[in-house]
Amino acid sequence: MTPSALADLVRSAAAEVLAARGLDTGALPEAVIVERPRNPEHGDYATNVALQVAKKVGLAPRELAEALANALAGTDGLDSAEVAGPGFVNLRLATDAQGELVRQVLVQGAAYGCGDEFGGLAVNLEFVSANPTGPIHLGGTRWAAVGDALGRILTVRGAVVTREYYFNDAGAQIDRFVASLVAAARGAEPPEDGYGGAYISELASEVVRAEPGVLELPDGQRDEVFRRTGIELMFEQIKRSLHDFGTDFDVFFHEDSLHASGAVDEVLEQLKRSGRLYHADGAWWMRSTEFGDDKDRVVIKSDGAPAYIAGDIAYLADKRSRGFDLCIYMLGADHHGYIGRLKATAAALGDDPDVVEVLIGQMVNLVSEGKPVRMSKRAGTVVTLEDLVDAVGVDAARYELARYSVDSAVDVDLDLLRKNTAENPVFYVQYAHARLASLQRNAAELGLPPVAGTDGSQIDLGLLSHPREGDLVRTIGEFPKVVARAAELREPHRIARYLEELASAYHKFYDAARVLPQGDEEATPTTFARLALCEAARQTVANGLALLGVSAPDRM
RNA sequence: GCCCUCGUAGCUCAGGGGAUAGAGCAACCGCCUCCUAAGCGGUAGGUCGCAGGUUCGAAUCCUGCCGAGGGCGCCA
């Protein structure tokens with residue numbers, strides 16, 4: 001029995017109890033909470049529903065719990081239902097009903113954990129979007145790992161996700177980037193406010209190699225060549241490192257294209273016509289305060305040039321015109337002021353502000369010798385995506401960055417990276433998968449029929465009666481709920497934390513129970529029941545790691 | 001000054017209305033003639049920043065304060 005089936009069972013029993021007493025069944029919560037108590041004495045599962053509704057319907061919590069327990073007692077698949085504490089009902093499943101879950105995982109395979117509560121919602125997920133003026137640094141790397149995982153998680157819960165990267169390839173920032181390239185190519189010092197890292201001179205040489213004679217062109221033409229070629233080379237480098245990191249995008253959107261196509265002018269005209277803009281102090285302002293922003297925003301500067309936000313407005317309009325129901329932006333904490341502005345933009349465009357959802361993640365800090373290291377392109381202390389991957393590999397890097405809530409700032413310890421340490425929890429999880437894969441290999445070598453790919457109907461899963469077996473089954477059973485919750489809250493780290501729990505439950509089981517026959521022993525029904533359980537565990541670990549974009553190795 | 005996030009074991013962090021607050025790492029003591037010891041068991045380690053409030057019940061929700069980080073441009 002799955003946890004959700006159990007929850008349904010509890011809810012209908014509770015409804016019957018209330019109805020039998022002529023009480024309002026509407027007092028019941030939509031989703032009854034059935035959770036796994038941390039104390040095993042409190043049963044396999046426990047529900048607090050009696051505590052939640054007793055007051056509403058005017059009953060003592062324990063009295064209601066008592067009635068609920070009586071109604072549940074004797075239900076098919078339940079071994080016991082007992083009242084405890086202030087009004088909890090503790091439940092124990094019959095072993096065969098519990099083992100049924102293993103069969104479901106075998107049948108569902110890679111689809112175990114999927115759901116459809118998003119029902120085809122078209123989601124635009126924009127993340128990383130680092131400026132194309134340099135390589136992806138650690139902050140961007142965090143979003144690459146978390147955003148990619150979120151995309152996978154939303155997808156398996158029924159959303160149709162488009163992953164998008166917004167290149168800010170217009171404006172003064174790019175001008176400085178180009179000027180820095182030109183200076184480097186000419187062997188000059190980088191300009192004030194320019195970029196001076198080693199990658200700049202390498203890029204500059206590449207431009208010269210690709211376009212010989214560029215330095216002899218008149219300044220205007222020369223800069224144009226550096227702009228076009230330099231940006232293109234930088235793009236390629238960024239795309240390549242993201243791809244190598246396992247993060248691919250459906251759309252790389254160029255801010256420049258919004259200006260070139262006239263989309264910016266068009267949307268600004270539209271806003272003027274609809275009275276969303278006003279003219280003051282020589283500039284055009286958006287009335288964003290009317291839509292909850294802190295202050296009105298300049299969208300056309302007094303020199304006539306569009307402000308940065310103008311591109312954002314046109315970009316959102318573009319996303320909506322492409323049919324997205326929900327536009328998610330993943331931004332760093334230094335952009336939290338964007339929330340109000342982007343939502344106001346949606347409102348100004350005549351949209352529901354809720355089509356815009358901004359996820360703010362805290363910063364990634366560098367630590368060395370216990371002290372924070374300030375990242376600086378000039379000082380050469382920028383750590384890039386490649387640096388991280390070189391130090392620990394893609395799997396460890398992705399896992400490490402995805403296992404923390406984005407609400408908490410992450411400290412990356414440079415010394416630890418240099419040590420190439422094996423202290424990362426990713427190994428704990430991957431090792432569980434490798435052990436499980438190894439079990440299936442060994443079973444095959446013993447000539448046992450494979451469990452994977454069958455529906456397990458020939459196997460007596462009621463034999464899984466050891467406490468460690470029950471723990472493992474129930475932990476596996478939590479997976480769909482965890483994925484759903486991660487999708488709902490946009491919190492991929494829940495997957496990683498769950499996997500650590502699952503790996504732990506497996507390692508404990510493995511330690512306590514022998515799976516394969518030893519020596520001259522024959523395979524028994526228990527052998528097959530355990531092999532099925534192990535295959536269900538392996539499948540679940542593999543599905544979870546896939547959501548994080550981390551490999552599930554068969555050997556380590 | 002205003003806004004956002006955080007403050008939980010020595011360290012890094014989960015848990016975000018439920019029962020005796022958890023994991024990894026670090027420390028200490030045990031466990032491989034046997035399916036992968038990158039594992040398992042045990043010991044030790046806590047005023048969940050502080051003070052009020054809401055509730056049958058608060059680490060969790062609300063208010064204030066303290067501390068840390070990040071924002072508050074006609075920059076992008």
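We name chains A, B, ... by the order of the sequence lines, and we start the count at 1 in each one.
With its glycosidic angle within 90° of 0, C32(B) is assigned syn.
Under 3.5 Å, the side chain of S408(A) and the base of C6(B) form no donor-acceptor pair of N or O atoms. Counting distance only, with no hydrogens placed and no angle test, the side-chain atoms of H336(A) and the base atoms of C3(B) include a donor-acceptor pair under 3.5 Å. No donor-acceptor contact under 3.5 Å links the side chain of D407(A) to the base of U5(B). Counting distance only, with no hydrogens placed and no angle test, the side-chain atoms of Y195(A) and the base atoms of A76(B) include no donor-acceptor pair under 3.5 Å. With hydrogens and angles left out, the side chain of D334(A) and the base of G70(B) share no donor-acceptor pair within 3.5 Å.
Listed pair K295(A) / G73(B) meets the phosphate criterion, a side-chain N or O lying under 4.0 Å from OP1 or OP2. Side-chain N/O atoms of Y404(A) include none lying less than 4.0 angstrom from OP1 or OP2 on A23(B). Within the structure, every side-chain polar atom (N or O) of K56(A) is placed at least 4.0 Å from both OP1 and OP2 of C56(B). Proximity of R38(A) to the phosphate of G18(B): no side-chain N or O atom is located under 4.0 Å from OP1 or OP2. Taking 4.0 angstrom as the limit, R514(A) places none of its side-chain polar atoms (N or O) nearer than this to OP1 or OP2 of C34(B). The side chain of H493(A) contributes an N or O atom lying less than 4.0 Å from OP1 or OP2 of G15(B). Between R494(A) and the phosphate of G15(B), there is a side-chain N or O to OP1/OP2 separation shorter than 4.0 Å. For the OP1/OP2 pair of U36(B) and a distance below 4.0 Å, the side-chain nitrogens and oxygens of N442(A) include at least one atom meeting the criterion. Within the 4.0 Å cut-off from OP1 or OP2 of G41(B), at least one side-chain nitrogen or oxygen of K508(A) is found. Phosphate contact (OP1/OP2 of C74(B), side-chain N/O of S302(A), threshold under 4.0 Å): absent.
Across U60(B) and G53(B), the matching P atoms stand 14 Å from one another, rounded to whole Å. Across G22(B) and G41(B), the matching P atoms stand 15 Å from one another, rounded to whole Å. Annotation: U47(B) and G7(B) have their C1' atoms spaced 14 Å apart (nearest Å). Taking atom C1' on both A59(B) and A51(B), the two are 16 Å apart, rounded to the nearest angstrom. Across G17(B) and A44(B), the matching P atoms stand 32 Å from one another, rounded to whole Å. Taking atom P in both U12(B) and C72(B), the straight-line distance is 28 Å, to the nearest Å. Look at the P atom in both A9(B) and G49(B): the space between them is 8 Å, to the nearest Å. When the C1' atom is used for both C48(B) and G42(B), the distance is 26 Å, rounded to whole Å.
In this entry the distance linking CG of D193(A) with P of C75(B) reads 13 Å, nearest Å. If you measure from atom CG of N365(A) to atom P of U12(B), you get 12 Å, rounded to the nearest angstrom. For N424(A) and A23(B), the CG to P distance is 19 Å, given to the nearest whole Å. One can place CG of N39(A) at 13 Å from C1' of A21(B), the figure rounded to the nearest angstrom. One interatomic measurement links the two molecules: CZ of R36(A) to C1' of G18(B), which rounds to 17 Å at whole-angstrom precision. Computed from coordinates, the L64(A) CG to C56(B) P distance equals 17 Å when rounded to whole Å. Protein atom CD of E501(A) is 14 Å distant from nucleotide atom P of C40(B), rounded to whole Å. I495(A) places its CD1 atom 21 Å from the P atom of C13(B), with the value rounded to the nearest Å.
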E357(A) and R490(A): salt bridge (Lys or Arg N to Asp or Glu O under 4.0 Å), yes or no, with the steps? CA-CA 10 Å; E357(A) 186 176 308; R490(A) 332 286 194 229; 2.5 Å; yes

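Nucleotide C13(B) forms a Watson-Crick or G-U wobble pair with G22(B), both donor-acceptor distances falling under 3.5 Å. Of the nucleotides present, A27(B) is the one that pairs with U43(B) by Watson-Crick or G-U wobble criteria, both distances under 3.5 Å. Across the strands present, U33(B) finds no partner; the criterion is a Watson-Crick or G-U wobble pair with both atom distances under 3.5 angstrom. Base pairing of G7(B) is made with C66(B), judged by Watson-Crick or G-U wobble geometry with both donor-acceptor distances under 3.5 Å. Nucleotide C72(B) forms a Watson-Crick or G-U wobble pair with G1(B), both donor-acceptor distances falling under 3.5 Å. For U55(B), there is no paired base (Watson-Crick or G-U wobble, both distances below 3.5 Å).
Of the two residues near RNA chain B, A409(A) and E35(A), the one whose nearest nucleotide lies more 5' is A409(A). Position along RNA chain B of the nearest nucleotide to H335(A) versus V410(A) favours V410(A) as the more 5'-ward residue.
Distances were taken from every side-chain heavy atom of Y510(A) (C-beta onward) to each of G41(B), G39(B), A37(B); the shortest belongs to A37(B). Of the listed nucleotides (A19(B), C74(B), A14(B)), C74(B) has the atom at the smallest distance from the side chain of V298(A).
Electrostatic pairing of E469(A) and R530(A) counts as a salt bridge here, judged by a charged N lying under 4.0 Å from a carboxylate O. R227(A) and D175(A) are joined by a salt bridge, as a carboxylate oxygen and a charged side-chain nitrogen come within less than 4.0 angstrom of each other. The existence of a salt bridge linking R474(A) and D471(A) is confirmed by a sub-4.0 Å separation between a basic side-chain nitrogen and an acidic carboxylate oxygen. Between E500(A) and R403(A) there is a salt bridge, with a side-chain nitrogen of the basic residue lying less than 4.0 Å from a carboxylate oxygen of the acidic one. E501(A) and R36(A) are joined by a salt bridge, as a carboxylate oxygen and a charged side-chain nitrogen come within less than 4.0 angstrom of each other.
L439(A) comes within 4.0 angstrom of a nucleotide base, judged by non-hydrogen atoms across all strands. Within 4.0 Å of R62(A), counting heavy atoms only, lies no atom of the nucleic acid at all. Residue contacts shown for A513(A) include a base, since a base heavy atom lies under 4.0 Å away. At the heavy-atom level, N90(A) lies under 4.0 Å from base atoms of the strands shown. Residue W285(A) is in base contact, counting any heavy-atom pair closer than 4.0 Å across all strands shown. Contact annotation for Y498(A): no contact, since no heavy-atom pair falls under 4.0 Å across all strands.
For the pairing with Y315(A), the ring pair (Phe, Tyr, Trp, His ring centres under 6.0 Å) check across F253(A), F167(A), Y329(A) returns one residue only, F253(A). Screening Y166(A), Y165(A), F235(A) against H254(A) for a ring pair (Phe, Tyr, Trp, His ring centres under 6.0 Å) leaves a single residue, F235(A).
Here F88(A) lies parallel enough and close enough to stack on the base of A19(B), with planes under 30° and ring centres under 5.5 Å apart.
Checked against a 6.0 Å centroid threshold, the rings of H466(A) and F509(A) do not count as neighbours.
At least one side-chain heavy atom of V53(A) sits less than 4.5 Å from a side-chain heavy atom of L64(A).
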